[in-house]
Structures are given as structure tokens and as C-alpha cells.
Amino acid sequence: MARDLAIDLGTANTLVYMKGKGIVLNEPSVIALNRQTGEVLATGREAWQMIGRTPGYIVAVRPLRGGAITDFEITERMIRLLLQRVGVSRFTRPKVVICVPSAITEVERRAVTDAARRAGAADAQLIEQPMAAAIGADLPIDEPVGNMVIDIGGGTSETAVISLGGIVALEAVRVGSFDIDAAIQAYVRREHGIAIGERTAEEVKMAIGSAAPTEDESQAEVRGRDLMTGLPKTVILTPEEIRFAIEDVVSSIIASVVRCLAKAPPELAQDFLVRGMYLVGGGGLLRGLAQRIERETQVPVKMSNMPLEAVVLGAGHCIEHYDALKNMFMGARR
Amino acid sequence: MLTVLFIVMGVLILALGVVMMIGNRRINESGVRSFRRHIDALSPEARREVHDRVRAQRDKKEGR
């Protein structure tokens with residue numbers, strides 16, 4: 001008998017929580033395929049290492065982009081492989097709770113649940129990422145007070161106001177930390193005339209990227225391909241340059257937080273001033289982002305204790321208390 | 001004969017009313033109970049187990 005599972009199917013990483021056991025898988029949402037035969041060559045970390053470094057016949061792809069499924073068939077295969085890796089087979093049929101972006105379409109919803117069922121799940125339910133994040137961030141969402149959570153993922157940024165176990169206001173934009181990487185790539189190409197890969201852009205973001213000036217800032221040396229000569233070239237990037245490069249993306253995330261604040265009922269809005277907002281997700285780790293949101297909204301911003309695991313923790317809690325929390329699943333409210 | 005019919009109809013309507021009232025009360029009670037269960041399952045005490053489990057896992061991984 002397989003243990004029930006909770007899956008955070010993120011644009012950047014996929015985490016799996018097993019009932020009674022904890023997090024059993026945490027890997028990049030990447031799959032490498034043979035372009036000619038369609039055969040799966042690698043998944044997770046192994047496939048991630050192949051991004052941008054593959055020969056012509058191999059393609060390493062992220063089947064989710066901007067919080068949306070870009071390729072249903074590949075996503076299905078990835079879910080099936082993930083479940084197999086944690087011990088799900090035809091004979092062990094667990095219940096599965098999957099976290100998905102709140103902006104997911106009906107077609108995508110059905111694709112995810114069907115994929116999980118075909119992969120061996122006895123029952124597959126979906127939960128919105130900000131709801132799971134609020135549970136996982138240990139916010140007092142069982143009380144009649146306003147709790148605000150900002151989940152900045154790879155492809156989406158979702159802000160939600162939660163009270164008494166339900167979402168009161170929600171705002172989602174299809175912008176996330178991958179857009180920050182893309183903005184860095186575009187800036188380096190435009191201003192320095194060199195092409196860099198998405199993994200290099202991510203490294204630059206992690207090394208010197210920030211949303212507001214911070215202490216101990218340093219420069220970064222970046223290697224890429226000169227667009228004019230085609231030869232390898234090194235350039236030095238400063239934190240100010242990166243802040244300028246990613247400004248549009250950061251502004252768009254902050255604007256969505258402001259829109260969510262504006263949607264919140266006045267009774268709950270006053271709670272935020274006292275309790276603050278909670279930042280979760282990998283994108284929330286961008287230096288200076290919490291301070292920037294705080295400055296622009298005048299509401300205190302706190303970082304969750306486990307920002308990368310908050311969503312799967314919340315879904316894990318739902319699988320542990322499946323019957324009591326059935327009402328929270330996406331289909332149950334429609 | 002007509003009086004008996006009226007009495008029977010009256011009793012039937014009354015019985016139907018009582019049944020509906022009980023049913024309604026049951027629905028309300030089950031709503032209250034399921035909401036309570038939902039809220040209780042989201043309490044910090046209920047969530048502690050999952051958090052402690054994952055925190056212990058993380059500490060073990062980091063060698064703390």
C-alpha cells in the first residue's frame with residue numbers, strides 16, 4: 001500500500017511530500033528527451049545540468065512555463081516518472097494532492113489530474129499554491145484575521161489574503177524569477193553585446209541581483225559569447241546594472257501585491273499593518289525584495305522560515321488531514 | 001368522513017413539517033461540524049507534526 005503524496009509542481013522545482021514521512025523528492029522540473037525517438041533520457045537534477053549543453057538530438061525542457069503547462073504530453077510523462085521514483089506503481093494507488101498556480105485553466109487542471117491518475121494515483125486533487133503556501137508558512141489562517149502571503153515562484157507571482165481557512169482576495173501575475181533571469185540575459189546581450197545562457201543569468205542573479213541597494217555589494221565577472229566576433233568574452237557586471245535590468249519585472253510583481261492589498265476588505269486590511277505580509281517561494285529570496293515591497297506598500301514584510309518548502313509543506317498538511325480539508329481542493333468549491 | 005380526511009391531511013402536513021425541520025437542522029449541524037473540523041485541521045497544533053517532521057529532516061540533511 002503506497003503512502004499518499006503531496007506534490008508541488010512548480011515551474012522551477014518539483015517537491016514531493018510523502019504522508020507520515022516528509023519530503024522525499026526535491027528536484028528541478030526539467031526533462032531531457034531524445035528529439036528523434038521522444039524517449040526520456042533524464043529528469044530532475046540530471047536533466048537540469050543538460051540545459052543549454054545538449055547535442056542536437058537531445059532537448060532538455062521545462063514543461064511548465066509562466067505557471068502554465070506548455071506541453072501536456074511531456075508534463076504527463078514527468079508526473080508519471082516522478083510518481084514512479086517515489087514508489088507509485090499500478091498496484092499501489094495513493095491519493096495525491098497537487099499544488100498548481102491559481103491562474104491555471106480548466107484544460108490544464110484536467111491535464112494534471114488525468115496525468116496523476118494515469119500514473120497510478122487513486123485520487124488526484126488540486127490546491128492553489130498561495131493557499132498551500134499560507135498553510136506551510138505557518139500563518140494563523142484558522143483565525144478570523146487577515147493573513148497575506150506572497151508566493152514568488154519561477155513563472156508566477158501570487159498574492160493572497162486568507163482568513164478562516166479560505167482565500168478572500170487573490171492576485172496572480174505570470175511573472176516570476178525566470179523572467180528576472182531572462183531580463184538579465186536580454187540586458188547583457190543589449191548593453192554588452194554578449195550572449196549568456198539561462199543558467200549563467202540565474203547565477204548572476206543569485207550572486208549580485210537585488211531589488212533595492214543592499215550592504216556588501218560586489219561585482220560579478222560573466223563569461224559569454226561575443227555577438228560580433230563569436231568568440232568567448234568576459235564582462236564585469238555591477239549590482240546597479242542588474243537592478244536596472246530587472247526593474248520592470250520587480251515593478252510588475254510589486255504592482256500585483258498592491259492590487260491584492262486594494263482588493264482586501266477593510267476589516268482585514270488593518271490586520272496586515274500589525275501582522276505584516278509573508279514572502280515565500282524561491283523568487284522571494286532576491287536580495288532587497290522584502291525591503292522594496294515594504295517601502296512601496298508601507299506594510300511590514302517577513303520572510304517565511306522555509307520559503308522553498310512552504311508550498312509542499314502546506315500540501316503535505318492537506319494530505320495528512322485529507323478528509324477534514326477536502327473543501328479546500330479546487331474542484332470542491334466549484 | 002370529510003372531517004377524518006382533514007384530520008389525516010393535517011397530521012400528514014404536520015409530520016412533513018417536522019421531518020423537514022429535523023432534516024434542515026441536520027444539514028445545519030453537519031455544516032457547523034464540517035466547518036469546525038476544517039478549522040481545527042488548520043490550527044497551529046494540527047500543523048506542528050508536518051512542520052516538525054520536515055524541520056527535523058532538514059536539520060539532519062544539514063548535519064545539525
Side-chain angles (χ1 to χ4, degrees), chain A residues 3-6 8 15-26 97 127 131-145 147 149 162-167 304-329 332-333, chain B:
Chain A
R3 292 189 190 203
D4 297 336
L5 302 167
D8 171 11
L15 288 89
V16 179
Y17 176 98
M18 190 177 273
K19 188 177 179 179
K21 207 166 175 192
I23 297 171
V24 290
L25 189 132
N26 181 357
V97 170
I127 183 169
M131 189 72 223
I135 301 172
D138 217 5
L139 305 187
I141 56 166
D142 55 319
E143 294 172 23
V145 291
N147 296 282
V149 64
I162 294 160
S163 175
L164 278 172
I167 293 177
S304 154
N305 286 334
M306 289 188 267
L308 298 171
E309 296 92 356
V311 172
V312 80
L313 265 176
H317 180 73
C318 292
I319 205 81
E320 297 278 357
H321 298 264
Y322 193 82
D323 289 327
L325 297 175
K326 259 183 187 167
N327 290 344
M328 292 177 102
F329 300 141
R333 291 195 302 271
Chain B
M1 189 65 189
L2 207 65
T3 321
V4 174
L5 199 71
F6 276 130
I7 291 171
V8 170
M9 271 175 69
V11 168
L12 278 174
I13 290 168
L14 203 74
L16 196 73
V18 170
V19 167
M20 276 171 72
M21 243 171 65
I22 292 170
N24 218 4
R25 214 167 133 195
R26 261 196 204 148
I27 288 166
N28 289 341
E29 265 178 14
S30 92
V32 169
R33 211 175 298 147
S34 93
F35 179 67
R36 198 63 262 162
R37 216 152 69 95
H38 175 93
I39 292 298
D40 288 345
L42 290 173
S43 69
E45 296 77 40
R47 281 187 277 173
R48 192 158 300 140
E49 190 193 340
V50 172
H51 277 85
D52 289 349
R53 183 176 296 137
V54 173
R55 203 166 287 135
Q57 236 184 349
R58 195 177 62 169
D59 290 349
K60 196 176 163 190
K61 203 173 163 188
E62 288 171 3
R64 273 187 227 164

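Quick caveat: nothing in here was measured; it's all calculated off a predicted structure. Every chain is numbered from 1 and lettered A, B, ... according to where its sequence line falls, protein lines coming before strand lines. When reading the values below, keep in mind they use all heavy atoms of this one structure, side chains included, and skip hydrogens, waters and symmetry mates.
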### Task
Heavy atoms only, distances under 4.5 angstrom: which of A:Cys318, A:Gly20, A:Pro140, A:Gly136 has the most pairs with chain B? Name it, please.
A:Gly20

### Task
Quick one: closest heavy-atom pair of B:Val50 and A:Glu320, and the distance?
CG2-CG, 3.6 Å

#### Entry: Pairs of heavy atoms under 4.5 Å with chain B: top-ranked of A:Val312, A:Ile135, A:Ile141, A:Leu164
A:Ile135

### Query
Is a side-chain donor or acceptor of B:Gln57 paired with a backbone partner of A:Ile23 at a separation under 3.5 angstrom?
yes

### Message
Under 4.5 Å from any heavy atom of chain B, what part of A:Ala134 do you find: side chain, backbone, both or neither?
### Response
backbone

## Note on the structure
So, the part of B:Ala56 with a heavy atom under 4.5 Å from chain A: the answer is neither

### Task
Can you sort out the partners of B:Glu49 under side-chain hydrogen bond (donor to acceptor under 3.5 Å, both in side chains), two or more places apart, ordered by chain and number?
B:Arg53

## Note on the structure
Per-residue tally against chain B (heavy atom, under 4.5 Å) across A:Leu325, A:Asn305, A:Asp323 peaks at A:Leu325

### Nearest-0.5 Å distance that lies between atom CE in A:Met306 and atom NE2 in B:His51
5.0 Å

### Message
Given heavy-atom pairs under 4.5 angstrom as the criterion, report whether the side chain, backbone, both or neither of A:His317 touches chain B.
### Response
both

#### Entry: Of all pairs that satisfy salt bridge (Lys or Arg N to Asp or Glu O under 4.0 Å), the ones with a partner from residues 37-46 of chain B, not counting sequence neighbours
B:Arg36-B:Asp40

### Message
Within the 4.5 Å heavy-atom criterion, are B:Phe35 and A:Asn327 side-chain neighbours or not?
### Response
no

### Query
Which heavy atom in A:Gly165 sits nearest to a heavy atom in B:Leu42, and how many Å separate them?
CA-CD1, 3.5 Å

### Message
Please report the interatomic distance NZ(B:Lys61) to CG(A:Asn26), rounded to the nearest 0.5 Å.
### Response
6.0 Å

### Backbone N/O of A:Leu139 and side chain of B:Arg47: donor-acceptor pair under 3.5 Å
yes

